[in-house]
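Here is the structure we will look at, set down as structure tokens.
Side-chain atoms are counted along with the backbone in the values below, which use heavy atoms only and exclude waters and symmetry mates. Given the structure is predicted, the values throughout are model-derived calculations rather than measurements.
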Amino acid sequence: MSDLLTCAHCGARNRVQTVPDAQVPACARCGQALPWLVTGTDATFTQDVRASVPVIVDFWAPWCGPCRVIAPALEALAQERAGKLKVVKVNVDDHPQAPGRHAVQGIPTLLVFRDGEVAGRQVGAVGLPELRAWLDCSLPTK
């Protein structure tokens with residue numbers, strides 16, 4: 001399974017494996033880091049949250065209004081922090097096991113992972129400034 005990522009620098013469209021081997025994806029044309037935004041599944045979840053950068057998992061559903069509200073802010077954050085952040089979107093209707101294992105009771109629920117471990121949780125839709133602040137508080141520098 002692969003996702004199509006567009007380079008913010010040159011506009012090239014790059015096909016990237018959903019579960020790359022922990023490497024930050026780079027543009028095939030210009031070499032710049034790509035915004036790493038992928039679709040996660042129950043089958044790929046464990047691999048999805050293990051990356052060389054922090055990972056935000058967005059548990060969402062297509063019928064959820066707040067989920068649709070927060071989606072552009074997550075995309076903007078992935079663009080801003082290209083090469084420094086991975087965003088994984090998991091549709092809870094299609095993939096209920098991963099949210100069940102992480103006690104997700106409402107959506108949208110965001111979990112941030114560092115080194116495969118949960119480092120923070122955000123429930124409900126928030127704007128881009130709040131997302132930045134939450135991420136920065138959840139991931140103190142090592």
Side chain to side chain contact (heavy atoms under 4.5 Å, CB included) with Cys10: which residues, sequence neighbours excluded? Cys7, Ala12, Cys27, Arg29, Cys30
Between CZ of Phe45 and CZ of Arg50, what distance do you get to the nearest 0.5 Å? 10.5 Å
Show the nearest heavy-atom pair for residues Pro35 and Gln79, with the distance to one decimal. CG-NE2, 3.5 Å
Nearest-0.5 Å distance, CG of residue Leu85 to CG of residue Leu135: 6.0 Å
Find the distance between CG (Leu110) and CG (Leu74) and round it off to the nearest 0.5 Å. 5.5 Å
Is the Phe59-His95 ring centre distance short of 6.0 angstrom? no
For a quick test of reading the model, state the closest non-hydrogen atom pair linking Asp58 to Pro108 and the distance between them. OD1-CB, 4.0 Å
Pairwise distance CG(Leu77) to CZ(Arg132) - rounded to 0.5 angstrom: 7.0 Å
Checking salt bridge (Lys or Arg N to Asp or Glu O under 4.0 Å) for the pair Lys89/Asp94: CA distance, chi angles, key distance, verdict? CA-CA 11 Å; Lys89 296 183 66 68; Asp94 295 340; over 6 Å; no
When every non-hydrogen atom of Val92 is compared with those of Pro99, the smallest separation belongs to CG1-CG, 3.8 Å
As an exercise, state the distance from CG of Leu139 to CD1 of Ile56, rounded to the nearest 0.5 Å. 8.0 Å
Full working for side chain to side chain contact (heavy atoms under 4.5 Å, CB included) between Gln122 and Thr109: CA-CA 6 Å; Gln122 167 66 43; Thr109 293; over 6 Å; no
Tightest non-hydrogen contact, residues Leu37 and Glu75, listed as CD2-CG, 3.6 Å
Under 3.5 Å: donor-acceptor pair, side chain of Asn14, backbone of Ala28: yes
What is the minimum heavy-atom distance between Val126 and Ala73, and which atoms define it? O-CB, 4.4 Å
NZ/NE/NH1/NH2 to OD/OE distance under 4.0 Å, Asp136 and Arg81: yes
I want to check something: taking the side chain as every heavy atom from C-beta on, are Trp63 and Asp93 in contact at a cut-off of under 4.5 Å? yes
Give a yes or no on whether Trp60 and Val57 share a hydrophobic cluster (residues Ile, Leu, Val, Met, Phe, Trp, Tyr; joining criterion: side-chain heavy atoms under 4.5 Å apart). no
With the 4.5 Å side-chain cut-off for hydrophobic clustering, are Leu111 and Val123 part of the same group? no
Is there a donor-acceptor contact under 3.5 Å from the side chain of Glu117 to the main chain of Arg114? no
Please check if atom CZ in Arg121 has more than 12 non-hydrogen atoms from other residues, nucleotides or ligands closer than 6.0 Å. yes
Ignoring hydrogens and angles, tell me if any N or O in the side chain of Thr41 forms a donor-acceptor pair with the backbone of Thr44 under 3.5 Å. yes
Run the side chain to side chain contact (heavy atoms under 4.5 Å, CB included) test on Trp36 and Val87 for me, step by step, so that the C-alpha distance in whole Å, both residues' side-chain angles and the decisive distance to 0.1 Å come before the verdict. CA-CA 6 Å; Trp36 204 357; Val87 177; over 6 Å; no
Looking at every non-hydrogen atom in both residues, tell me the closest pair between Gly124 and Ile70 and how far apart they are. O-CD1, 4.0 Å
Is there a path from Val118 to Val88 through hydrophobic residues (I, L, V, M, F, W, Y) whose side chains come within less than 4.5 Å of each other? yes
Give a yes or no on whether the backbone of Trp134 and the side-chain of Ser138 come within a donor-acceptor separation of less than 3.5 Å. yes
Can you check whether Asp48's main-chain N or O pairs, donor with acceptor, with Lys86's side chain at less than 3.5 Å? yes
